[in-house]
2 protein chains.
Amino acid sequence: MAKQVKVGLLGLGTVGRSVLDLLVANRAVIQDGAGVPVQLVAACDIKAKTKRIKGVPVVKDALKVINDPSIDIIVEAIGGVKPALNYILKALASGKHVVTSNKEVIAKYMPTIFAAAKKNKVLVLYEAAVGGGVPIIQAIRDNLAANHINEIYGIVNGTTNYILDSMTKKDVEFADALKDAQARGFAEANPAADVEGYDAAYKAAILAATAYGAYVDCNKVHREGITKIRQEDIQYAKETGYVIKLIATARKWTGNKLDVRVHPVFVHNTHPLAKVSENYNAIFVKGDYVGQVMFHGEGAGGKPTASAVVSDIIKIARGGAYRVLSQAYPKQKAVLCDINQIERRYYFNLKVPDRSGVLAVISKAFAKNNVSIQAVTQRETVGKIATLIIVTHAVSGDNIQATLRDLAKLSVVKKISNVVRVGLY
Amino acid sequence: MAKQVKVGLLGLGTVGRSVLDLLVANRAVIQDGAGVPVQLVAACDIKAKTKRIKGVPVVKDALKVINDPSIDIIVEAIGGVKPALNYILKALASGKHVVTSNKEVIAKYMPTIFAAAKKNKVLVLYEAAVGGGVPIIQAIRDNLAANHINEIYGIVNGTTNYILDSMTKKDVEFADALKDAQARGFAEANPAADVEGYDAAYKAAILAATAYGAYVDCNKVHREGITKIRQEDIQYAKETGYVIKLIATARKWTGNKLDVRVHPVFVHNTHPLAKVSENYNAIFVKGDYVGQVMFHGEGAGGKPTASAVVSDIIKIARGGAYRVLSQAYPKQKAVLCDINQIERRYYFNLKVPDRSGVLAVISKAFAKNNVSIQAVTQRETVGKIATLIIVTHAVSGDNIQATLRDLAKLSVVKKISNVVRVGLY
């Protein structure tokens, strides 16, 4: 690496602005860590209203930054696919390393991006794309590098955790919790990427690819969001010793397949993930020697994400990273397991007429599909409709799907309000 | 770094044996991480009864390993000061990098060891010395390198956490919990290093030196163990919403001083540290950008510790680490703050005669020293002696010391059974 490292920054939104602030404010400590001075020589913001921020030149044209021959590393903090992907590929083609906080573009275009990096003998680092300030990517690649990683699971989306935590602690409905999260800046105006689980699915795909060396098609990651979770589900969970959390999983499955998925789970309140509050993230990694290690911190927000972005810059600036990390790019395409082969306990929330004989008909549908019932609770009746909650013993997703098809045919089942997995194991 | 890296191992106790197993069992994944093959060419055990273990030659004479010119890295897994220090210095003098899991020798001889490493242009890495498998040293030095670290605190000794957790969950006394821990291999036959807080103090000194770049004299680290904690203290904590934990702290203080200490604390049960069970470790790091990050995992035991040792080997094998990490050795001696300047709430457990007027006399001693009382509870009387529990508002250690001196002079105070800080802040 040269006597100093020059950085160009694309995007001055929440993350980009914090990266600028951090590179300027902590210049000395960053130089200590990197071993060489790290200088931010240009930032790009298409809506730039000023020519300098804290002494850093600001331009409107990203290509001016990307094509600046003095720049060693481009930080992409634009987010989304367009124009971020194009800029990343241009930067790589011009022989610059890329550091990005953009989970969507990495998850969707990993093979393209990594191939371009390899071709141009530069690095793409993405610590900030998963877990915000939580150093989970480096943990997998460096700190736990002696281990066979068997499983990664946890809470990787701060927005949904904030919403579920509000629903649990303040007894509010999903819509109100979402509004509150939006008012506090924890959810975006269009919350779909978070509440439908897309963001968590991108992160699960990235974690799997990093840990297991195989590209995961993020469109094939099983994904369920939290929009169907209602206060009645939260209440039942609470009464039975659980908390509902959106859990991302990336683990090894039999036959070299991977199990990568995102969905809500009833997490027992003795499990540390049940205690993860507000917009925090917490990720468990299981390795064959290290056992189970957990990383917990702010999973989003400008400052924590900037901390991760700059740790990647430092890594490149130190030198020596290229030889190893360039070899670490996934070498094959992952094959995902059939999620319906996985056995879990399930919680059903059914709306049924409040009259005798209903339970007999419904339990028959479960029995027919070899789904054994562990607990049944009938809740308060609204009008003539009662809420019937059924918790099953562990059973495969195939049997659950068959049961759902049979329930849908029953006239006594007015609505299948929710079906949620119970327990992390 | 060469085309392959050769490692020599000193010590085949719990840690050493696991390092051997890991280097042999995970050879392929370690080579992937390191970029080059990592070969264990010799292990030393003074009591060796066999000439090979899993194909690795075993010798009785450590100098044979240290003086082997083909070896690049010496792993010191002997523990303690003698003969580990001598072997470490000899290995450094012969131009070999050293990886160690030995907190005592690093904490006590850091300046000597680092000076020798610098002189010989080699590295001493010690990830395994703190937190076992929890990658806390790399987190501070690499992952959070863009941050000013302001504070590190947490549970760094698995033995004492196991004992306190048993006392809390099984309502047993210290002596019985210790015996149980010894029977399960979580405490040594001579438990003083753990239960008196020495081990945690070594780790606090190492964390402080790593984070703040200044040598900490581990003999000057304020240290209180857990031997005075009784079931009655545990019970009172429980009733008032706390759990007693042995907490190590390493944080910045005013005037470039450091606050480094180890002592029991009443941790509120809403704090994640209250939930750290059995022999687990959990360490919080506060940085100016990353916010608060927590690392949780098995803090001891052969396999997790071996995972950390081999992550250091991988770091050296990758190359590029020397230039930066050699600059990171502390450059000065730390000045520690006067712990008695720190303000905390305190719990007092006093044995007093069960008769009128006692409380008036005692509260006078508190009032005289400006120690404001927040709660008073008198517990069951045994014979004619009652237990008086007093919890104070936040007050400096100076005022507490003065109060203790005054209490000692009072004839109504038969015994000061315990004084414990309340709350992490």
Side-chain angles (χ1 to χ4, degrees), chain A residues 1 18 21-23 25-26 29-30 32-35 127 132-135 138-139 141-148 213 270 272 275-276 282 284-285 287-298 301 303-304 306-311 313-315 317-324 327-328, chain B residues 1 18 21-23 25-26 29-30 32-35 127 132-135 138-139 141-148 213 270 272 275-276 282 284-285 287-298 301 303-304 306-311 313-315 317-324 327-328:
Chain A
M1 192 45 68
S18 290
D21 290 346
L22 173 52
L23 285 170
N26 285 9
V29 70
I30 293 166
D32 274 356
E127 178 64 66
V134 180
Q138 291 200 39
R141 271 218 283 228
D142 299 352
N143 309 346
L144 307 180
N147 291 265
H148 290 102
T270 53
K275 312 291 179 195
V276 176
F284 278 86
V285 183
D288 57 347
Y289 271 74
V290 78
Q292 186 157 281
V293 189
M294 181 179 73
F295 302 85
H296 178 280
E298 284 186 64
K303 292 176 83 174
S307 166
V309 165
V310 179
S311 79
I313 294 174
I314 289 172
K315 191 166 211 169
R318 283 181 177 179
Y322 175 71
R323 183 179 58 82
V324 174
Q327 293 174 4
Chain B
M1 190 49 63
S18 290
D21 290 345
L22 173 52
L23 285 170
N26 285 8
V29 69
I30 292 166
D32 274 355
E127 177 64 67
V134 179
Q138 292 201 37
R141 271 219 283 231
D142 298 352
N143 309 345
L144 308 179
N147 291 265
H148 290 103
T270 55
K275 311 290 179 195
V276 176
F284 279 87
V285 183
D288 57 348
Y289 271 73
V290 78
Q292 186 156 283
V293 190
M294 180 179 73
F295 303 85
H296 178 281
E298 285 185 62
K303 291 177 83 175
S307 167
V309 165
V310 179
S311 79
I313 294 174
I314 288 172
K315 191 165 211 171
R318 284 181 177 180
Y322 176 71
R323 185 178 56 82
V324 175
Q327 293 173 3

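Only a predicted model underlies this, so the values are computations on that prediction, with no experimental measurement involved. Convention: sequence-line order gives letters A, B, ...; per-chain numbering from 1.
- Using a 4.5 Å heavy-atom threshold, the side chains of M294(A) and M294(B) count as touching.
- H296(B) contributes atom NE2, which lies 11.5 Å from atom CZ of F295(A) (distance to the nearest 0.5 angstrom).
- No other option in D32(A), L23(A), V309(A), V29(A) has as many heavy-atom pairs under 4.5 Å with chain B as V29(A).
- The line from CG of D142(A) to OG of S311(B) is 8.5 Å long, rounded to the nearest 0.5 Å.
- Here the side chains of K275(B) and K275(A) are in contact, with some heavy-atom distance below 4.5 Å.
- For the pair S307(B) and V290(A), the tightest heavy-atom approach, listed with the atom from each and the gap, is OG-CB, 3.5 Å.
- Between chain B and the residues V134(A), V310(A), D21(A), I313(A), the largest count of heavy-atom pairs under 4.5 Å involves D21(A).
- A salt bridge is defined here as a Lys NZ or Arg NE, NH1 or NH2 lying under 4.0 Å from an Asp or Glu carboxylate O, and K303(A) with D288(B) fails to meet this definition.
- Here the CG-NE2 distance, from L22(B) to H148(A), works out to 9.5 Å after rounding to the nearest 0.5 Å.
- Counting heavy atoms from C-beta outward, P135(A) and V293(B) have side chains that approach closer than 4.5 Å.
- When all heavy atoms of R318(A) and A145(B) are compared, the pair lying nearest together is NH2-CB, 4.4 Å.
- Highest contact tally toward chain B, considering only A306(A), G297(A), P304(A), is held by P304(A) [criterion: heavy-atom pairs under 4.5 Å].
- Using a 4.5 Å cut-off between heavy atoms, I314(B) contacts chain A through its side chain alone, with no backbone atom that close.
- Counting heavy atoms from C-beta outward, Y289(B) and N26(A) have side chains that approach closer than 4.5 Å.
- Of the listed residues A146(A), A25(A), A308(A), the one with more heavy-atom pairs under 4.5 angstrom with chain B than any other is A146(A).
- Using a 4.5 Å cut-off between heavy atoms, A34(A) touches chain B through its backbone atoms (N, CA, C, O) alone.
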